[in-house]
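The structure presented is a predicted model; accordingly, all values stated were derived computationally and were not measured. The analysis underlying the following values was restricted to heavy atoms, covering all of them including side chains, and did not include hydrogens, waters or symmetry mates.
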Amino acid sequence: MSHQTPLGSSVPQANCLDLWRAENDRLVRQAKVAQDSDLSLRRQHLAQDALEGLRGLLRSLQGLPAAVLALPLELTVICNFTTLRASLAQGFTEDQAQDIQRALERVLETQTQVGPRLEHGLMGLWNSVLRASSLLPSLLPALHHLAGLQAALWLTTDSLGDLTLLLQTLNGNQNGASGNLLLLLKTWSPPAKESDDPLTLQDAQGLKDVLLTASAFRQGLQELITGSLPRALSSLYEAASGLCPRPVLVQVYTALATCLRKMGNPQRALLYLVAALKGGSVCGPPLLEASSLYRQLGNTAAELESLELLVEALNVTPRSEVSPFLIEVELLLPRPDPASPLHCGTLSQVKHLLASRCLQTGRAEDAVEHYLDLLALLLDGSEPKFSSPPCPPGPCMPEVFLEAAAALIQAGRAQDALTVCEELLNRTSSLLPKMPQLWKDARKGTKDSPQCPSWVSATYLLQGQAWVQLGAQKQAISEFSRCLELLFQAVPKDKEQGPASSCEQGYTSDVELQQLRAAALISRGLEWVASGQDTRALQDFLLSVQVCPGNGDASFHLLQTLGRLDRRDEAAALWRRLEAQTKLPQESATWFLPLYLETCLSWIRSPDREALLEEFRTSLLEPCDL
């Protein structure tokens, strides 16, 4: 129940107010001594003791009816208590929001006309209090201080609508005012503190500076993620020019580098990355951004070096920097999500990125080293163990095994590749359907036949390639056949899905399934060719063209086989089709394949196609056909 308290009745005596104020000032000084202490245990003890002292002081003040004379001190104590508590907890809590609400209600209890209360929401309560404060000018400094804390809380909860309305009210321009949050924060002018005011840990002006930097940074990151690059650049420049602690400045510079790189200014981006790396001990995000920048510039050596440095950085526990007991910019920033340029991932994710880039760029020996390190990391218990799809965030364990095997084959270590494949099959044997049941279901055409994940088939494909490298033709053909037996039972998940992922529920995209079948058929066909069995090879190459019309390698291998078998008419017809296709504009692929499959396809790529077509032009066709 609200009530007015006459100044002459229940108001605490002046000497009591003086004692309470002296206690507030003592506790504030103690907290400031604590933040300057080099001893972490003493620092924590002093800060916690100050927090409990402020809690008790607040109970004493709120144990009496609200009084105008005591409100400035009471609000100051609430602000100090909230600031220290949020700093120690590194965030705001629901009961802190209730503390602010209770403080506003205490202000209204001193007024006869209390106006709208919580039925109009917390913003309605603020409107009533700020209107009442026009009758109580002595409350304005403390109310603006409390409003700064409310703004910080609303910023962390993304309540930007309420925050904008609050700032409009504080600025006295509710109607038709600008909705630009940064402009409103710049316009906000908290009343200056008087020399005889109670001490505060952080005044309203300090909170304003922190809010302006944090808001500009948050806004810039969001604009960067959504692609509004010119706006993002402006917001990030605003953040960099504000009150920026060193760790935050590193993040701002990294985001600026990302923005400039995407805008086509790599040299300016590089300058900001250098500044970011010089600016603090947390160098993960700038190193990851540096790798992206060098990749865009085509400097593969510098890209991989950046990733190697990032792996080293993630292996080192960062040195914690002692921060003051204040509401700081870092406290108001969200944790980076995967879409943010400040998210550098886990150690295993970065190791996977480094290993895969080495494999993609032809550094097979380096790729092998990194993949084996990654497998050791994933299997030693420090990272999540292997699990069946759907896989946890991060590198998909089956694909890591497959990529490692592909890298080993690429590096000429076929026997080690077989070991890795065998390990993968041992770990996934419980997920494989029983072969007799598979054949039975296939013959019946049952719709509920078990599906075998594409990476199991890919394991047989890689084992076949390893046996090819070892010169064991019979074993290679056997593995390719096992791969095909499983692949022709598989059903694609979605013909129109985006990037393929063989980790998603054990199914694969239509494009990936087609390419896997083509890779296995071409691989087996090449082994038939090597053993002099061109007729069998012809069957595999014909089938590969049928199951994957977009795979040009199948057509070129088929053309060569037709030529060797002296099937001139068929070879000529196929040659004309291929010749016509080479004159058509080539469309870039809109689908993506797993890296291990891309690597497999590179091994069975036909030789120089133009030379092959020219050879057929002169040797296969009669002069009258030209």
Side-chain angles (χ1 to χ4, degrees), residues 360 362 406 410 458 461 464-465 468 476-477 480-481 483-484 487-488 492 495-496 500 508-626:
Q360 286 172 323
Q410 187 84 2
L461 175 62
Q465 290 293 350
V468 168
I477 290 173
F480 293 141
S481 298
C483 171
L484 288 166
L487 282 175
F488 280 102
K495 291 184 179 182
E496 299 180 357
T508 185
S509 72
D510 191 18
V511 168
E512 184 183 341
L513 185 59
Q514 287 179 351
Q515 295 290 341
L516 268 171
R517 287 170 176 168
L521 285 165
I522 294 172
S523 298
R524 191 172 68 176
L526 289 173
E527 289 309 293
W528 293 130
V529 169
S531 63
Q533 302 184 62
D534 281 331
T535 302
R536 285 191 168 186
L538 181 67
Q539 293 174 347
D540 279 346
F541 293 146
L542 279 169
L543 186 54
S544 64
V545 171
Q546 292 172 8
V547 301
C548 189
N551 189 308
D553 296 313
S555 297
F556 278 87
H557 286 303
L558 176 60
L559 178 61
Q560 289 176 304
T561 307
L562 288 169
R564 285 193 302 273
L565 292 171
D566 200 29
R567 296 169 66 160
R568 298 172 62 86
D569 291 342
E570 294 168 83
L574 179 57
W575 174 82
R576 289 190 180 94
R577 286 201 305 271
L578 293 174
E579 182 84 354
Q581 288 174 5
T582 60
K583 297 176 182 178
L584 296 175
Q586 300 299 309
E587 296 182 2
S588 59
T590 56
W591 36 264
F592 302 88
L593 295 175
L595 179 56
Y596 65 83
L597 181 52
E598 287 278 13
T599 307
C600 272
L601 290 170
S602 72
W603 299 331
I604 56 176
R605 198 141 288 153
S606 57
D608 184 20
R609 297 183 180 188
E610 289 186 6
L612 181 62
L613 290 174
E614 184 61 31
E615 178 186 341
F616 269 82
R617 173 189 292 274
T618 57
S619 66
L620 180 66
L621 301 178
E622 296 292 340
C624 62
D625 294 325
L626 295 177

Return yes if some donor-acceptor pair links the side-chain N/O of Ser523 with the main-chain N/O of Ala520 below 3.5 Å, else return no. no
Hey, what do you get for CD1 (Ile522) to CZ (Phe541), rounding to the nearest 0.5 Å? 7.0 Å
Provide the closest heavy-atom pair for Ile604 versus Asp553 in the form atom of the first, atom of the second, distance. O-CB, 4.2 Å
Judged by atom type as modelled, is there a donor-acceptor pair below 3.5 Å linking the side chain of Arg517 to the main-chain atoms of Leu487? yes
From Gln560 atom CD to Leu538 atom CG, the distance as rounded to the nearest 0.5 Å: 12.5 Å
If every non-hydrogen atom of Leu461 is compared with every non-hydrogen atom of Phe480, which pair is closest and at what distance? O-CE2, 3.5 Å
Note, Val547 side chain near Gln514 side chain (heavy atom, < 4.5 Å): no
Working to the nearest 0.5 angstrom, can you tell me the gap between Ser544 OG and Gln515 CD? 10.5 Å
Taking all atoms of both residues into account, what is the closest heavy-atom pair of Ala519 and Leu601, and its distance? CB-CD2, 3.8 Å
Euclidean distance, Gln539 CD relative to Leu558 CG, rounded to 0.5 Å: 12.0 Å
Decide yes or no on side chain to side chain contact (heavy atoms under 4.5 Å, CB included) for Ile477 and Trp528, but give the supporting numbers first. CA-CA 8 Å; Ile477 290 173; Trp528 293 130; 3.7 Å; yes
Any carboxylate oxygen within less than 4.0 angstrom of a Lys/Arg side-chain nitrogen, looking at Glu527 and Arg524? no
Between SG of Cys548 and CG of Leu543, what distance do you get to the nearest 0.5 Å? 11.0 Å
Distance in Å, Asp534 CG paired with Leu565 CG, rounded so as to fall on 0.5 Å steps: 5.0 Å
Shortest non-hydrogen contact from Arg605 to His557? C-NE2, 4.3 Å
Work out which heavy atom in Val468 is nearest to a heavy atom in Ala476; give both atom names and the distance. CG2-CB, 3.6 Å
So, for Leu521 and Asp540, which heavy atoms are closest and what is the spacing to 0.1 Å? O-CB, 3.5 Å
Do the non-hydrogen side-chain atoms of Arg564 and Val529 ever get within less than 4.5 Å of each other? yes
